[in-house]
Amino acid sequence: MSRHVAIVTDSTAYLPPRTMERHGITAVPLTVVLGDQALDEGTEISTRSLAQALQKRRPVTTSRPSPQLFAETYRKVAESGATGIVSLHLSAELSGTYDAAVLAAREAPVPVRVVDTGAVAMALGFCTLAAAEAAEAGGTVDEVVTAAEKRASGTSAYFYVDTLDYLRRGGRIGAAQALLGSALAVKPLLQLDGGRIELLEKVRTASRAIARLEEIVADRAGSAQVDIAVHHLAAPERASALADRLRARVPGLADLHVSEVGAVIGAHTGPGLLGVVVSPR
């Protein structure tokens with residue numbers, strides 16, 4: 001068995017499966033509750049099924065992984081030869097996943113450092129990749145955590161949603177903000193700020209909102225070398241068109257990922273989501 005620092009994350013990082021396999025990253029699934037069914041994100045529910053359920057206004061909620069699931073994951077990772085584990089998760093402001101990981105880490109057979117990245121989707125994914133690369137270079141647990149936190153501190157995430165209603169229902173944005181958006185019939189632009197989803201700007205139409213999203217991302221990227229991820233839910237054409245425009249506008253673009261978000265994030269944003277993560281290298 002190889003001796004190494006292992007990397008664990010959760011299913012909301014939305015890293016490509018081949019990338020996970022290549023770097024030896026383990027993801028613990030969150031759960032989507034659809035009616036009376038509890039389904040693991042990534043394996044038991046598709047984004048298409050989720051979008052159809054939301055459009056039919058079926059009840060959809062999400063829940064964190066159990067501490068027991070984390071404990072089992074840490075045990076298996078330790079048995080593979082890990083001398084330490086860095087466990088990186090979505091913002092503790094948005095989910096109890098971090099707290100569940102902390103509980104499990106206390107009983108793990110090897111040292112586990114649990115990190116609240118304050119991020120979600122590929123903002124979390126880029127942090128996880130930075131951690132994996134530091135571990136592959138022989139880094140200690142402290143060095144791996146530092147690499148992840150450095151990447152997290154420079155990463156920004158912006159979102160366009162057709163409506164704030166799904167975020168309001170899930171308690172991820174204030175009812176007053178959601179009501180304001182509905183009353184004014186505006187298209188909201190959101191950002192991750194301090195681990196929370198905050199209203200960034202209100203724009204009158206979808207086309208103007210998406211154009212403004214493009215401007216914000218291009219300004220944030222500047223001329224630095226950056227990785228960018230474009231996310232969507234049931235809006236592949238929008239995502240592809242935005243990605244093409246960003247390729248032309250961002251001179252320091254290194255890698256560009258285009259992907260549909262999973263069911264957990266989709267349950268809180270609704271169909272039509274368009275998100276962009278900007279992560280300087």
CD on Glu198 to CD on Gln191, rounded to 0.5 Å: 7.5 Å
Measure across Lys187 and Ala206 and return the closest heavy-atom pair with its distance rounded to 0.1 Å. CG-N, 3.5 Å
Working note: Arg245 + Ile210, criterion side chain to side chain contact (heavy atoms under 4.5 Å, CB included); need CA distance, chi angles, decisive distance, verdict. CA-CA 11 Å; Arg245 294 195 299 272; Ile210 294 169; 3.7 Å; yes
In the structure I gave you, are the side-chain heavy atoms of Val276 and Leu242 within less than 4.5 Å of one another anywhere? yes
Taking Gln225 for the side chain and Pro280 for the main chain, is one N or O donor matched with an acceptor at less than 3.5 Å? no
So Val264 and Tyr14, side chain to side chain contact (heavy atoms under 4.5 Å, CB included) or not? Walk me through it. CA-CA 11 Å; Val264 167; Tyr14 301 140; 4.1 Å; yes
Is the shortest heavy-atom distance from the side chain of Asp255 to the side chain of Arg281 under 4.5 Å? yes
Please check if the side chain of Ser240 supplies one atom and the backbone of Glu237 the other of a donor-acceptor pair under 3.5 Å. no
Are the side chains of Thr140 and Val5 in contact, using a 4.5 Å heavy-atom criterion? no
In the structure I gave you, are the side-chain heavy atoms of Val120 and Ser91 within less than 4.5 Å of one another anywhere? no
Which pair of non-hydrogen atoms, one from Thr62 and one from Ala267, has the smallest distance, and what is that distance? CG2-CB, 4.0 Å
Between Arg212 and Glu215, is a salt bridge (charged side-chain N to carboxylate O under 4.0 Å, His left out) present by the stated rule, with each step listed? CA-CA 5 Å; Arg212 179 63 183 137; Glu215 290 175 5; 3.2 Å; yes
Can you get from Leu90 to Val33 by hopping between Ile, Leu, Val, Met, Phe, Trp and Tyr side chains that sit under 4.5 Å apart? no
Under the rule for side chain to side chain contact (heavy atoms under 4.5 Å, CB included), what residues qualify as partners of Arg22, not counting sequence neighbours? Thr19
Point-to-point distance, once rounded to the nearest 0.5 Å, from CG of Asp227 to OG of Ser279: 6.0 Å
Do you know which two heavy atoms are closest between Ala235 and Leu273, and how far apart they sit? CB-O, 4.3 Å
Is there a salt bridge (charged side-chain N to carboxylate O under 4.0 Å, His left out) between Arg247 and Asp244? Walk through the geometry before answering. CA-CA 5 Å; Arg247 283 189 186 96; Asp244 288 343; 2.7 Å; yes
Give, for atom OH of Tyr158 and atom CD of Glu201, the distance between the pair rounded to the nearest 0.5 Å. 10.5 Å
Any non-hydrogen side-chain atom of Val115 less than 4.5 Å from a side-chain atom of Val86? yes
Testing Thr9, Thr128, Thr117, Asp10 for side-chain hydrogen bond (donor to acceptor under 3.5 Å, both in side chains) with His89, which one passes? Asp10
Please step through side chain to side chain contact (heavy atoms under 4.5 Å, CB included) for the pair His232 and Val261, ending with a clear verdict. CA-CA 6 Å; His232 72 93; Val261 297; over 6 Å; no
What are the two closest heavy atoms between Pro67 and Ala104, and how far apart are they? O-CB, 3.4 Å
Check this for me, if you would: do Arg249 and Asp219 make a salt bridge, where the nitrogen-to-carboxylate-oxygen distance has to be below 4.0 angstrom? no
Give a yes or no on whether Leu103 and Leu30 share a hydrophobic cluster (residues Ile, Leu, Val, Met, Phe, Trp, Tyr; joining criterion: side-chain heavy atoms under 4.5 Å apart). no
Judged by modelled atom types alone, do Arg220 and Ser156 share a side-chain donor-acceptor pair under 3.5 Å? yes
Centroid separation under 6.0 Å, is that true for the rings of His257 and Phe126? yes
Check whether Arg238 reaches the backbone of Gly272 with its side chain - one donor and one acceptor, N or O, closer than 3.5 Å. yes
Spell out, yes or no, whether Ile216 and Val258 are grouped together once hydrophobic residues are joined by side-chain heavy atoms under 4.5 Å, including indirect joins. yes
Please evaluate residues Arg113 and Asp142 with respect to the criterion salt bridge (charged side-chain N to carboxylate O under 4.0 Å, His left out), reporting the C-alpha separation (whole Å), side-chain torsions for both, the decisive distance (0.1 Å), and the verdict. CA-CA 9 Å; Arg113 287 278 297 280; Asp142 284 347; 2.5 Å; yes
Connected to Tyr98, directly or through other members, by ILVMFWY side-chain contacts below 4.5 Å are Val8, Val28, Leu69, Phe70, Tyr74, Val77, Ile85, Val102, Val110, Val112, Val114
Starting at CZ of Arg64, measure out to OG1 of Thr31 and round the result to the nearest 0.5 Å. 11.0 Å
Roughly how far apart are Leu199 CG and Asp193 CG, rounded to 0.5 Å? 11.5 Å
Hey, are the side chains of Ser259 and His231 touching, using non-hydrogen atoms and a 4.5 Å cut-off? yes
Hey, which of Leu192, Thr269, Leu189, Leu274 is the one that makes side-chain contact (heavy atoms from CB on, under 4.5 Å) with Phe159? Leu192
Walk me through whether Glu136 and His23 qualify under side chain to side chain contact (heavy atoms under 4.5 Å, CB included). CA-CA 8 Å; Glu136 289 162 5; His23 292 283; 2.6 Å; yes
How close do Ala101 and Ser87 get, heavy atom to heavy atom, and via which atoms? CB-OG, 4.5 Å
From Ile197 atom CD1 to Leu190 atom CG, the distance as rounded to the nearest 0.5 Å: 7.0 Å
Looking at every non-hydrogen atom in both residues, tell me the closest pair between Pro109 and Arg75 and how far apart they are. CG-CA, 4.2 Å
